[in-house]
Structures are given as C-alpha cells and as structure tokens.
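Here's the structure we're looking at; comments come further down.
These figures come from a predicted structure and were not determined experimentally.
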Amino acid sequence: MPPKKTEQFETRAIHAGQDFDPTTGAIIPPVYFTSTFVQDGIGGFRGGYEYTRGGNPTRTSLETLLASLEGGKHGLSFASGLAAEDALLRALLEPGDRIVLGNDAYGGTHRLIDRIHGKWGVENVVVEMSDLAAVSKAVAGGTTKLLWLETPSNPLMKISDVAELAEIGHAAGALVVVDNTFASPYLQQPLALGADLVVHSTTKYLGGHSDVLGGAVVLNDDALEEKIRFLQFASGGVSGPMDAWLTVRGIKTLAVRMDRHSSNAQTIAEHLVGHPALDAVYYPGLPTHPGHELAKRQMKSFGGMISVGLKGGPKAARKFAESTKVFQLAESLGGVESLIGYPSEMTHASVKGTPLEVPENIIRLSVGIESVDDLLADIDRALPRR
C-alpha cells in the first residue's frame, strides 16, 4: 500500500510511488526500459501507457513521489531543470506577458527567460524580492503572469518571504513560482506557504549523487497541470527511465542527507565568520544574515549552500577556488561530495552585464556530507590567513 498523506516525510520519501513488484515481490520496482507498449486492440492502453514520451511506469513512480514530498497533487518529471522551467513558461505565457524575477537567481533561469522567451515577446522585470513595495509595483498593471522566486537564492543566499509574496502576486493576478532547488522539499514546502507551482533541478539535492540530470514541476491546479503535461508530451523534454529510477533512489536518503548537509554547512559558516581573508559569509543559518529569522520560520533548517566574499577581489577568489582538495572545482551542487565554484565565470557567466551579475569576489560552496573536520581543514589550507 502507498503511504498515507499523514505519514511523515521520511517515510513517504522511501515509499510513495514505490510499491513492490506484484509479479515477483521485488522490493525495488523495475526500470521500464521500453519505448512503446503493446495495446489490447487499437486504443486499448494497459495502465494508460502508449509510448514512453507520453508516459512510462518508472517516470510515473518518480512523479508520484515528487508530488507527495512537495505536498502537491501533480508532479511532472523532465530531462533537466531548465526543460521543466521551459515547459512551464511555454504552457502559461503568451507574447506581451510579464515575468517578475528576483535579482539573485540561477543564471540559466534568467538566460532562458530573457534570451529565449524574451525574443518571443515575454517581458522580464528584475526586482529585489525583500523589498515588498518594489515587488508590488513591479507586478502591477495586469500583464504580470508569473512572480518567480528563488529562496534561498543562487548564489547570494537571499531569503524571500513566500507567503507575503504569494499574497502580492495573487492580488495582481499572477501565479507564484518557487524554485525550491536549494532548500529541497525536506527543508521547505512552498505550496503550503501559498505558492502555485514549485520547480526543481532534481539533478541537485533530490538526486543527490551527481550522477543524473533532471527537473520537475509540482502543483495542485488540474487545469494548469493539463497545460504543462501537454507541453511535456508535445515537446518531449521528459526524463528517461534510468534517470527517473536514479532520482527515486537518491530521494530515498534525502532527509538524512539534508540533515548532514545542513549541519556541516552551519559548522563551516560559523567557522568562517570573521576570517581575515573574507569580507562576507552568506548563509541564512547565521544570526547576522538579514533573512535569518524568516528562514527559521519557513525552513526546517538552513541547507548546504554557502557563499563567501574574498577581500582580495577576483584574484583571491580564483586562487581559493583552485586551491581546495576535498572541495572539488566543478559546476552544479547538492551532491554528497563537496564542490566549490566561481559563479562569475561558471554558473552565472550568462548574467554578466545584467542586474543579476555576480560580484567577482564571490565563491560558492556546496557543502557535502564528508567529515566536517576534513572540510574545515581543506578550507583552512586554501584560505590565506593574512
């Protein structure tokens, strides 16, 4: 039997959408490596499956699991986070519509909205999400269809008030989208806070092992789901069976991983405060962070992402990024291994010259689940003391 909605997150992460195989009793459902499905007569689909682009039992299990973890009615799984975002945007927007986006967000999201959908006639307005008056002004006028939040934001770890912004967006007739990638559904539940849709790069914390690419949209509205589901089918940006299976396997340990990511990051952030090589530590778990109290209210804990500003500017930042050993220099985040990145030239290179441009002294840390003592020693070796 599938878990009840009243069961706790950790139980649902392991069991939702994961019924044992009824034929063999296998505790782990099989991967359905098939492109098509035999029909019982023309139009007689077994279990509703016709062709894997339209639906596959392995993808269904992941979509059921994603919906359960986010407290949503519908989950849709895509080939990447950007594929998920693109389907959402194309399903819900028309030329002349406006998106209001935070001024600190993933560079790929801004690139997709600004350079791809912008050419189609979609207006993109960038605003500081902590300034509620500025957000209210930006969404006014009747053309704003989406208010797009990222909290914590990438890479400056800004915290947005989902409940307050949902009220502002809805009052203006806009749908509210929350990119929940940094927090994961274990730490934050945007739909329960008033958001209409949640998006994820499942490549990150949900998959958790740096071995799979994927994305997701979760929502409650049946009519919106039908529109996005059609785009998923018609444009074909779906997750393959093996990608879906790997993501499900990763999600089973999400809760225990996020606890360790968060505790490691908290220890490291506290250790870095006041370091002579740094002029800023961006982590919502620090009492000095401007979004700390808000993060305490809307998150279970503060996550595994930290950014720091180097006093020596871009030269010092680059040297730090290239000097660690346990923290490996790479794109992406959210895996069990610790990663270090230089957003200005890596994840956010595409937003140079825009309001989202990342300062050149910023380094982003994706704190893994290794021994925190080893991580601290690695950072101390790489950061100059004077």
Side-chain angles (χ1 to χ4, degrees), residues 2 12-39 45-70 72 74-88 108 180-181 184-186 198-218 228-229 231-258 330-337 339 366 368-369:
R12 287 182 282 120
I14 293 171
H15 294 287
Q18 301 302 298
D19 293 345
F20 67 83
D21 179 53
T23 301
T24 65
I27 194 69
I28 300 298
V31 187
Y32 286 85
F33 287 121
T34 183
S35 59
T36 193
F37 300 84
V38 173
Q39 300 181 19
F45 305 150
R46 297 190 180 194
Y49 296 107
E50 173 190 17
Y51 185 66
T52 277
R53 174 164 43 81
N56 178 286
T58 309
R59 190 166 82 241
T60 299
S61 71
L62 172 58
E63 293 179 332
T64 301
L65 177 57
L66 291 167
S68 176
L69 296 188
E70 283 288 3
H74 306 290
L76 298 93
S77 176
F78 293 84
S80 69
L82 286 172
E85 293 182 4
D86 185 50
L88 183 159
N180 204 28
T181 297
S184 87
Y186 179 63
V198 173
V199 296
H200 280 279
S201 171
T202 59
T203 307
K204 312 305 193 294
Y205 286 110
L206 288 166
H209 293 78
S210 303
D211 58 5
V212 62
L213 193 68
V217 178
V218 181
I228 299 169
R229 183 77 66 181
L231 264 295
Q232 182 195 44
F233 167 75
S235 62
V238 299
S239 53
M242 192 65 195
D243 291 337
W245 187 88
L246 284 170
T247 305
V248 168
R249 187 179 67 168
I251 288 172
K252 288 178 184 290
T253 60
L254 177 63
V256 291
R257 286 188 287 105
M258 292 308 299
E331 299 267 355
S332 200
L333 60 102
V336 293
E337 56 285 302
L339 301 178
S366 174
I369 66 172

Residue list, ring pair (Phe, Tyr, Trp, His ring centres under 6.0 Å) with Tyr205, at least two apart or on another chain
His261
Polar side-chain atom of Thr202 near backbone of Gly215 as donor-acceptor pair, under 3.5 Å:
yes
Cationic tip of Arg53 above Phe233 ring, under 6.0 Å, 45° of axis
yes
Paired with His200, the side-chain contact (heavy atoms from CB on, under 4.5 Å) test is passed by just one of Asn180, Leu69, Leu66, namely Asn180
Measure the OG-CD distance between Ser77 and Glu63 for me, rounded to the nearest 0.5 Å.
5.5 Å
Of all heavy-atom pairs between Ala83 and Gly237, which one has the smallest distance, and what is that distance?
CB-O, 4.1 Å
Can you sort out the partners of Arg257 under side-chain hydrogen bond (donor to acceptor under 3.5 Å, both in side chains), two or more places apart, ordered by chain and number?
Thr253
Could you grab the distance from atom CG of Leu254 to atom OH of Tyr186, nearest 0.5 Å is fine?
8.5 Å
With sequence neighbours left out, the residues meeting side chain to side chain contact (heavy atoms under 4.5 Å, CB included) with Ile28 are Trp245, Lys252
Over all atoms of both residues, closest heavy-atom pair of Ala244 and Ser239
CB-OG, 4.2 Å
Between the side chain of Ser80 and the main-chain N/O of Gly214, is any donor-acceptor distance below 3.5 Å?
no
Minimum heavy-atom separation for Leu65 and Ala13, please, with both atom names.
CD1-O, 3.8 Å
If we ignore hydrogens and angles and just use 3.5 Å, is the side chain of Glu70 paired with the main-chain N or O of Val198 as donor and acceptor?
no
Met242 versus Phe33: any side-chain heavy-atom pair under 4.5 Å?
yes
From CA spacing to verdict: side chain to side chain contact (heavy atoms under 4.5 Å, CB included), Val248, Thr58
CA-CA 9 Å; Val248 168; Thr58 309; over 6 Å; no
Work out which heavy atom in Ala79 is nearest to a heavy atom in Val238; give both atom names and the distance.
CB-O, 3.4 Å
Hey, could you give me the CZ/OH distance between Phe37 and Tyr51, rounded to the nearest 0.5 Å?
11.0 Å
Which heavy atom in Leu246 sits nearest to a heavy atom in Asp211, and how many Å separate them?
CD1-O, 3.9 Å
Residues Gln232, Phe78; criterion side chain to side chain contact (heavy atoms under 4.5 Å, CB included); working and verdict
CA-CA 8 Å; Gln232 182 195 44; Phe78 293 84; 3.6 Å; yes
Close side-chain approach of Leu88 and Leu231, heavy atoms under 4.5 Å
no
Considering non-hydrogen atoms only, spot the tightest contact between Thr203 and Ser332 and give its length.
CG2-OG, 4.2 Å
Across all chains, not counting sequence neighbours, the side-chain hydrogen bond (donor to acceptor under 3.5 Å, both in side chains) partners of Thr247 are none
Suppose we screen for side-chain hydrogen bond (donor to acceptor under 3.5 Å, both in side chains). Which residues come up paired with Tyr49, at least two apart in sequence or across chains?
Thr60
Derivation and outcome, side chain to side chain contact (heavy atoms under 4.5 Å, CB included), residues Leu76 and Arg229
CA-CA 7 Å; Leu76 298 93; Arg229 183 77 66 181; 3.7 Å; yes
Is the closest side-chain heavy-atom distance between Arg59 and Pro241 below 4.5 Å?
no
Could you state the interatomic distance from CD1 (Ile251) to CZ (Arg249), rounded to the nearest 0.5 Å?
12.5 Å
Do Glu50 and Thr36 have side-chain atoms, one donor and one acceptor, less than 3.5 Å apart?
no
Closer than 3.5 angstrom, by distance alone: can the side chain of Ser366 be matched with the main-chain N or O of Leu339 as a donor-acceptor pair?
no
Checking the side chain of Thr52 only, and the main-chain atoms of Thr34 only, is there a donor and an acceptor separated by less than 3.5 Å?
yes
Sequence neighbours excluded, the answer for side-chain hydrogen bond (donor to acceptor under 3.5 Å, both in side chains) partners of Glu85 is Thr109
